Structure formats: structure tokens, C-alpha cells
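Heads up, the thing below is written out as C-alpha cells.
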Amino acid sequence: MKTLRVSDFSLASTLESGQVFRYHLGSGGFYCVVAGNSIIKLQQEGNIIRYACSNPKFGVAIFLGLSHDYGSIMKSISKDEKISAAIKAHYGLRILGQPVWECTASFICSSFSNIPRIKRCLESVAATFGSKLEFDGLPFFSFPQPQQISSLSKLQKCGLGYRAKYLFEAAKIFSGNSSGYSLQQLRKLSYEGAKKRLMELPGVGSKVADCILLFSCGFYEAFPVDVWVMRAMVGQYGNEIKKFAAAKKPNEKIIADFARSHFGKYAGYAQQFIYHDARTSR
DNA sequence: CACCAGGTACTGT
DNA sequence: ACAGTACATGGT
């Protein structure tokens, strides 16, 4: 068991804020997270993280967002009392750095669904196509590489509904290793360029692309607008948004553009507080 | 039995 | 460019 000294970090808020789906809270306050083919078991006590990871090459600290200059980011997005209250309520929530393909697949499955079902779908996909692993005496399945998702008919038995064919096609596109969807390739592009590239994938629209860019590509200006964020933003910033949009009715793009102008280049961080706060406040 | 769930693709104007 | 609608599935 290794330890990490942390500050400005909440393991629970980070994992439970809807960024990642393949985790569970086990005994002794230990979370088990599967990211790609790595299994991480970890627990927080104050500013100590105790952890073990199945893959010695996996960058746990990077995955957890511990390299971010948290104080500066929080200061930069703390533009009003509403966001400040959400930050205070979930202080230590960080944006993860997830594997790009798994994040893409996860949010293709997320569209027009709900979190318990998304989790079930992804576990089913992993059990069907992933590699069987054992860690800490327990069985796990890796999240399959795109090449491992080899059968549409099997994928259609994973409960994805109409998303199965989107995921299957996206896996085929990702499989080409010169497809341009690696983290390195996407990072070379601008936010808009990378978003356009991702939206060429079936099942990836504006919102899902922003989730991928934010949670796995380090584009913190990405501001995913789902129904929760839409409701919260209109509820809390309705008048300002109306002014910003010249009285047009707010749509996803207007909300996101307003958010970037209001919160700045780390608007995506603000989004995650707004989303998590909306979901956890009753 | 409606209605909803971290939206997207497709159609018609 | 923009609004309207179908879409698989499962839970309440």
C-alpha cells in the first residue's frame, strides 16, 4: 500500500461527481476504480491517500487531477456567490484525467440515459469484451480496447439500446491507430478543433464531446450542458444569460458560451461543481 | 401507464 | 442555422 500526501482534494467528491462510472465503494472506505486495464484501490484519511494499483505504470496522481493548481483554478472561477457556495460544498472535487477511449465509450453510452443504467451498461461491456483480471483477491474486467469490441450482436446484449451501433462504429474508427483520436493527437488541436474531430464520431454530439474533452483531454474550457446543468444555469444565471444572449432563448451553446465568458478558461471546472451540486442538493 | 434519464441524428422549414 | 421528433431501455 502506497501513500500520497494531498491537499485541496476530496476523493469522494471527485469520484462521485459523475465523471467516471466504473468504481465502487467497498469495505473500510476503500474505493475500487477500474480505468482502462488498471485497477486502483484507494482510501482517503484527511490529507493522506492510501492506495494500491494493479499497474505500476499507471499514473495515479495524474488520473486524480492532483497536478492541477487547485487554488488558482478555484480563485479564477469564483466569480460570484453561487459558484462559491458550490465550491465550498464540494471542496476538493477535481477533474479526472481518464483514458480517452474509455471516456468516449462511456459518454456515448450516457446519452439520454441515467447513471445507474450507464454503470450497468459499461460493466456489461467490460464483462463481455474486456480482459479478466484479478486484483486484491477480487475479479475485475478491464475496459476493452476498441479492437476488442468485435461483435455487434454481442454488444447489443449489453443493454445499450440504440447506442450499441454508435459504440460499435466508434470502436471501429478508434481501432485505426492513426485515426487521430489519441490523447496526443487531440491535444495538438485547439478546443474547437478537437471538439469538431470528436463530433465526427457516431453518437458524439456537442455535450458528449465536451465531456470527453473535459474528463480525458485536459480542455478545461469545455462546458458540457446536460439537463441538470441547463436547469441550474437558467435557474441561477437566467437574467445574466438573457442579457448575454440578447434575449434569445437559452440553448446549450448559449449556456456554454456564457459560462466561458463568465467563469473563464476553467469553466469546465465550474460546470462540474454546478452539476454535482445540482445532483446532490436533494 | 405515463414520464424521465449527464442527447444525438435525422428531417423539414 | 434552427426547431421538432424518433430513438432503446429500465426505473418510478
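By convention in this document, chain letters (A, B, ...) are assigned in the order of the sequence lines, proteins followed by strands, and residues within each chain are numbered from 1. Predicted model only: the values in this text are computed from it and were never measured.
- Rounded to whole angstrom, the span from the CG atom of Asp226(A) across to the P atom of dC4(B) amounts to 15 Å.
- Residue Asn114(A) contributes atom CG, which lies 7 Å from atom C1' of dG11(C) at whole-angstrom precision.
- Atom name P, nucleotides dC4(B) and dT5(C): the rounded distance is 15 Å, in whole Å.
- A distance below 6.0 Å separates the ring centres of Tyr91(A) and Tyr70(A).
- Listed for the Arg117(A) side chain is no donor-acceptor partner under 3.5 Å among the backbone atoms of Asn114(A).
- Between the CH2 atom of Trp228(A) and the P atom of dG7(B) there is a distance of 11 Å, rounded to whole Å.
- Residue Arg120(A) contributes atom CZ, which lies 8 Å from atom P of dG10(C) at whole-angstrom precision.
- When each of Gln19(A) and Leu201(A) is assigned the nucleotide of DNA chain B bearing its nearest heavy atom, the one mapping closer to the 5' terminus is Gln19(A).
- One atom, CD1 of Ile108(A), and another, P of dA9(B), lie 9 Å apart when rounded to the nearest Å.
- The shortest distance between the side-chain N/O atoms of Arg231(A) and the OP1/OP2 oxygens of dA5(B) is below 4.0 Å.
- In this structure, Arg163(A) does not reach the dC7(C) phosphate: none of its side-chain N or O atoms is under 4.0 Å from OP1 or OP2.
- Nucleotides dA8(C) and dT11(B) have their P atoms positioned 14 Å apart, rounded to a whole Å.
- In terms of position along DNA chain B, the nucleotide closest to Cys211(A) lies nearer the 5' end than the nucleotide closest to the other residue of the pair Cys211(A) and Met199(A).
- A distance of about 22 Å separates the P atoms of dA6(C) and dG6(B), rounded to the whole Å.
- Regarding Phe112(A), its CZ atom lies at a distance of 10 Å from the P atom of dC4(B), rounded to whole Å.
- Residue Val208(A) has its side chain nearest to dG7(B) when only dA9(B), dG7(B), dG6(B) are considered.
- Remark: Arg187(A) qualifies as a cation-pi partner of Phe219(A) under the 6.0 Å distance and 45° angle criteria applied to the six-membered ring.
- Across the protein-nucleic acid pair, Gln156(A) atom CD and dA8(C) atom P stand 10 Å apart, rounded to whole Å.
- Distances were taken from every side-chain heavy atom of Lys249(A) (C-beta onward) to each of dA3(C), dG11(C), dA8(C); the shortest belongs to dA3(C).
- At whole-Å resolution of the value, CZ in Phe168(A) and C1' in dT8(B) are 20 Å apart.
- Of the possible donor and acceptor atoms, none in the side chain of Glu102(A) sits under 3.5 Å from a partner among the backbone N and O of Ala35(A).
- The cationic group of Lys82(A) lies under 6.0 Å from the six-membered ring centre of Tyr237(A) and within 45° of the ring axis, placing it in a cation-pi geometry.
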